[in-house]
Trainee: 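Following this message is one structure expressed as structure tokens.
These numbers were taken from a predicted model, which means no experiment stands behind them.
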Amino acid sequence: MELIFFKMPNSNAKSHRGHPGGQEAGRRELVSRSLQSAQHCLENQDFGTAYAHYLLVLNLASELKNDVRETFQFTLFKWAEELASLARIQDLFNCYEQALELFPNDEIICNSMGEHLFRMGFRDEAAGYFHKALKLNPDFADAKENFYRVANWLVERWHFIMLNDTNRNLIYQKAIQKVVHSGCRTVLDIGAGTGILSMFAKKAGAPCVYACELSKTMYELACDVVAANNMEGEIKLLHMKSLDIEIPKHIPERVSLVVTETVDAGLFGEGIVESLIHAWEHLLLQPKPKNQDIGTEDYGQVIPAGAIVFGMAVECKEIRRHHRVGVQEVACVHLAETVEFCSPTRASVNSEETIEPYTTEKLSRVPGGYMPLTEPFQAMTVDFNNLEELKSLATRKPCKFSVPVTQGGILDAIVVWFVLQLDDEHSLSTSPSEETCWEQAVYPVQGLPDYSVKPGDTVMMEVCCQDCYLRIQKISIITSEYGMDVERENTLALGNEAELCSALASLQTTSTPDGMGQECMLESTEIALLNNVPYHECFNAAIGKVLSSLIPTRESMSMDVDGHEREMNFEKSQNKNSSYTTHDPLYVLDVSEGFSILPIIAGKLGPVKAYSSVEKEQHQIALNIISEANHFPKETLEFWLSHLEDESVVLQRPKSDKLWSIIILDVIETSGLIQQEVMEKAAISRCLLHSGGKIFPQYVVMYGMLVESQSLVLESAVQGTEPTLGFNIAPFINQFKVPVCVFLDLATLPCVPLSKPAELLRLDLMNPYLNSSNREVKVQVCKSGQVTAIPFWYHIHLDEDIYLDTSSDSSHWKQAAVVLDKPIQVQLGDELVLNVQHYKSNIPNGELLQVTSHLGLLDMMAGYQRDAVKGPSQGVVGPWDCISKRSGGNSLPLDGMAKRSQQGSLSQDHDRRHRLAFKSIISARLAGTPSALKD
């Protein structure tokens, strides 16, 4: 059915033609017939035609608005779903615009419009509709959830940490004050964010201050901040990139000072080089001649004036286990040597896409710590006041470095930081030894045959700036066994041909010769999962127990728990070509996300037909190679999505007359939150299991404890006006705070435990009747202090005897924590009562957890990255809140890891992995529809 759009008649307008009585009768007749037609169309699920009829009714008879409001909403939402599925986006938005003309103050329609915008990536616009819905109804829980869900994209978490960094703010203020007092009269703030640097300039006395900000949300926030600090008419804010600023169209003349902080942990990753080249060519006055003592009012300059980049080779087990597969056999499955796994940082070298060549980490918080293998070395200097130098950065040849090894160990990464020189007097360091809001850039070393080094060895590398990124590449090791003299240009002073051959043999490079095997790029979390030996051993044991209970007892098919006898007997049974194995395999489905070898583990334990939901072609190739290396029959492993036309029906029967023996679900995200729609997936899965079949995991227990952590507080909200040097910013940016921090490492989190771990929640996937939607948890305080947060983690039970602890040292999962809006003072011996409520969010779907205390209100989340947490005074955590790239000023709109100050980034995916959609046969929830229609 095609929806016909038409101009809406004005029902309040009086006709100048015809008899008023006859016109009124005709109007009523048309309205009555249209209502009947709309109801008939709804019965036939013809939502488009029904919507058109309701549109006509509401324009002809506005007095019926209250009577048909809910039915109209339902019709609108159903028709919008159809339009979205047909990719008729413009028609969808036209429908909502028409609906909002009729119901401009309808919070449910506003919220639903925001949800569609959110799904399509229009986050700023979505936030506007969510915010409007909240203004219309401050108690509207769905809108509250949704607004705070987008908060993490719109105002990224590092804003809070930076604004709380008093030292950083003070040094920038002093540098700006100094140059303004020396005569700079016009200032442009590139990537203004909240506008704090612009306000520094204005307070210092600059007559003309301009600021540009690309993010719509940050621009509007800056407008509010500037107005609240009584500078509304004195700072001109521009919602645009600096690259688009034109003179005199946007600013009347060239400026004498550009201030910016568009730098990430790798210095160049937010586009500072490109923006400053453009600024010098089009926006700044000519630079001041060197070595001339003249005034600054007629010349241009930049703060920061320059930077020095430092590097250091380190050993770090945590970095290693996220970027190199360190096991050759996992739960009796041999990982074929012909498959070479690598993380995205290595793949970025040869990728046609612009992939960040580094990850980030706050080294002071890395679990297990790190060990320097070399002294710090100066890798690069850059003068931001030199246009020619900026232009040459991207074209100059890579600089070759040879760095002596001073400490024996394992070469895991090159760590990079910088000193930002604001001027000749003021500077900021991002060194791992400094307390700073920045993280360090980490370049994992991959592809070497041997990573061990000893004093006297040399680490060689090339350093360059390419595609707006600082790149550390071609990392190699030269051993000291042959007395080689390694020069900066990587030339070797060798005495004879034999010595040369020996030296070449000792040179380990990251290049892979042709024909060496299949390269398979995995996310860092997927590599950490492969390295998680207890995870695979637990699944091996649990799967074996289920299969042994389902397979008829006979000598040739006996199975033991450790898997060795199972593997041997399975091979015997295959060789005997038994009719059971040929015709009656047990079906195992693995719908865990990302790269998983669990189907192969299952296939080694008995007569199994294993299905994997792996979608990426290179992952499928790698799994097939591993299967062949383990002597699997080719038909044992199937890729389920290749059998389906629609991903949304992943959970269905393997065959029309068959059911699954085991279904493996992803329940916990690596971020530390519970996956979306986990209970819906479990409900569907239970319907697809044959007698004796199991879902893995069978149940999950969440644990938490009370802690005092100033670090988490500073990372969650701006703490008043003191850190921002008296400027009123906190009330505005704190509108976007969220109560949950993710990707935490509890082992290194700066905190003081105030209680022992307590069980907060149990989710049973096999026996849902055991779940409680409301639970009271009493937590005994074992140390006096202020409760500022509740970290939480999980025990994932594959059965009653076998479970995985997401807080263990080998875990590939991180942890999360609720941060309280206000600290709760407790004394030793107090009892904190938490009311734990488990309920569902709206769109996107997920599982939520609310915890209420008699001493105060706090919200706990057990949701997927895109899920939210309700709370009267709190927000909700949004998707991957620690990992998106900064979007202010001229920063690139890339999905990736934040390069500044977010913890846990070793395990954060560089790009978003595909999310399997599940068709819910239990619930068809509609955004904003009456609850009766949702059930």
Side-chain angles (χ1 to χ4, degrees), residues 1-117 129 132-133 135-137 140 142-143 842-843 924-935:
M1 202 297 279
E2 293 293 323
L3 176 63
I4 300 174
F5 294 97
F6 51 86
K7 184 176 179 63
M8 298 181 189
N10 187 342
S11 60
N12 295 322
K14 294 183 178 180
S15 174
H16 297 284
R17 295 179 295 175
H19 190 276
Q23 186 182 38
E24 176 62 19
R27 182 184 73 88
R28 290 182 177 180
E29 174 68 17
L30 181 56
V31 168
S32 176
R33 289 168 52 192
S34 294
L35 279 174
Q36 292 176 9
S37 297
Q39 292 167 4
H40 178 73
C41 290
L42 281 182
E43 292 172 0
N44 295 319
Q45 296 189 350
D46 183 358
F47 299 111
T49 306
Y51 172 77
H53 282 298
Y54 278 121
L55 211 59
L56 179 60
V57 167
L58 290 168
N59 278 279
L60 291 176
S62 59
E63 67 273 13
L64 296 178
K65 282 185 177 181
N66 290 334
D67 297 323
V68 302
R69 178 190 295 262
E70 285 196 1
T71 312
F72 175 73
Q73 290 171 350
F74 172 76
T75 306
L76 168 66
F77 300 151
K78 293 298 289 184
W79 178 227
E81 281 186 357
E82 287 189 24
L83 292 174
S85 68
L86 297 171
R88 292 172 54 183
I89 307 306
Q90 189 57 55
D91 289 347
L92 184 153
F93 288 145
N94 287 342
C95 286
Y96 274 96
E97 288 174 5
Q98 292 170 334
L100 287 171
E101 284 183 24
L102 292 166
F103 297 97
N105 296 322
D106 190 303
E107 70 274 19
I108 296 176
I109 295 177
C110 286
N111 182 65
S112 182
M113 175 68 158
E115 287 167 350
H116 282 286
L117 289 165
Y129 280 97
K132 180 179 178 181
K135 283 186 175 180
L136 292 168
N137 182 1
F140 186 18
D142 286 350
N842 198 2
I843 303 287
R925 294 193 303 274
L926 281 173
T929 57
S931 58
L933 295 175
K934 296 180 185 179
D935 295 334

Trainee: Is there a donor-acceptor pair under 3.5 Å between the side chain of S85 and the backbone N or O of E82?
Mentor: yes

Trainee: Using 0.5 Å steps for rounding, measure from the NZ atom of K132 to the CG atom of L100.
Mentor: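 If I round to the nearest 0.5 Å, the distance is 6.0 Å.
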
Trainee: Over 60° means perpendicular and under 30° means parallel, so classify the ring planes of Y54 and F72, tilted if in between.
Mentor: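 It falls in the perpendicular class, over 60°.
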
Trainee: What's the shortest heavy-atom distance between V31 and A61, and which atoms?
Mentor: CG2-CB, 3.9 Å

Trainee: Shortest non-hydrogen contact from A80 to L92?
Mentor: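 Looking at all heavy atoms of both residues, the shortest contact is O-CD1, 3.3 Å.
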
Trainee: I need the S34 OG to L64 CG distance, nearest 0.5 Å.
Mentor: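 Going from the OG atom of S34 to the CG atom of L64 covers 11.0 Å.
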
Trainee: Between R28 and E63, is there a salt bridge with N-O shorter than 4.0 Å?
Mentor: no

Trainee: Find the distance between CG (L58) and CD (E101) and round it off to the nearest 0.5 Å.
Mentor: 12.5 Å

Trainee: Step through the shown structure and confirm whether more than 12 heavy atoms of other residues, nucleotides or ligands are within 6.0 Å of NZ on K65.
Mentor: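 More than 12 heavy atoms, drawn from other residues, nucleotides or ligands, come within 6.0 Å of this atom.
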
Trainee: Are Q98 and N94 close enough, and set up right, to give a side chain to side chain donor-acceptor pair (under 3.5 Å), and what steps lead you there?
Mentor: CA-CA 6 Å; Q98 292 170 334; N94 287 342; over 6 Å; no

Trainee: Rounded to the nearest 0.5 Å, what separates atom OG in S32 from atom CG in L60?
Mentor: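 Rounded to the nearest 0.5 Å, the OG-CG separation comes to 12.0 Å.
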
Trainee: Which donor-acceptor pairs under 3.5 Å do side chains of residues 102-110 form with protein atoms, sequence neighbours excluded?
Mentor:
unit_1 : atom_1 : unit_2 : atom_2 : d
D106   : OD1    : Q73    : NE2    : 3.3
D106   : OD1    : I108   : N      : 2.9
D106   : OD1    : I109   : N      : 3.0
D106   : OD2    : R69    : NH1    : 2.7
D106   : OD2    : Q73    : NE2    : 2.8
E107   : OE2    : N137   : ND2    : 3.4

Trainee: If we ignore hydrogens and angles and just use 3.5 Å, is the side chain of Y51 paired with the main-chain N or O of C95 as donor and acceptor?
Mentor: yes

Trainee: Quick check for you: to the nearest 0.5 Å, what is the distance between E97 atom CD and Q90 atom CD?
Mentor: 7.0 Å

Trainee: Hey, mind stepping through V68 and L35 against side-chain contact (heavy atoms from CB on, under 4.5 Å) and telling me if it holds?
Mentor: CA-CA 9 Å; V68 302; L35 279 174; 4.2 Å; yes

Trainee: How close do A50 and A38 get, counting heavy atoms only, and between which atoms?
Mentor: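 Taking every non-hydrogen atom into account, CB-O, 3.7 Å.
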
Trainee: Taking all heavy atoms of F47 and all of F74, pick out the closest pair and write down the distance.
Mentor: CE2-CE2, 4.1 Å

Trainee: After noting the C-alpha distance and the side-chain angles of Q36 and H40, does the key distance pass the side-chain contact (heavy atoms from CB on, under 4.5 Å) rule?
Mentor: CA-CA 6 Å; Q36 292 176 9; H40 178 73; over 6 Å; no

Trainee: Drop me the distance from H116's NE2 to N111's CG, to the nearest 0.5 angstrom.
Mentor: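 H116 NE2 to N111 CG: 10.5 Å, rounded to 0.5 Å.
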
Trainee: Pair L42, T71 - check side-chain contact (heavy atoms from CB on, under 4.5 Å), show working.
Mentor: CA-CA 10 Å; L42 281 182; T71 312; 3.7 Å; yes

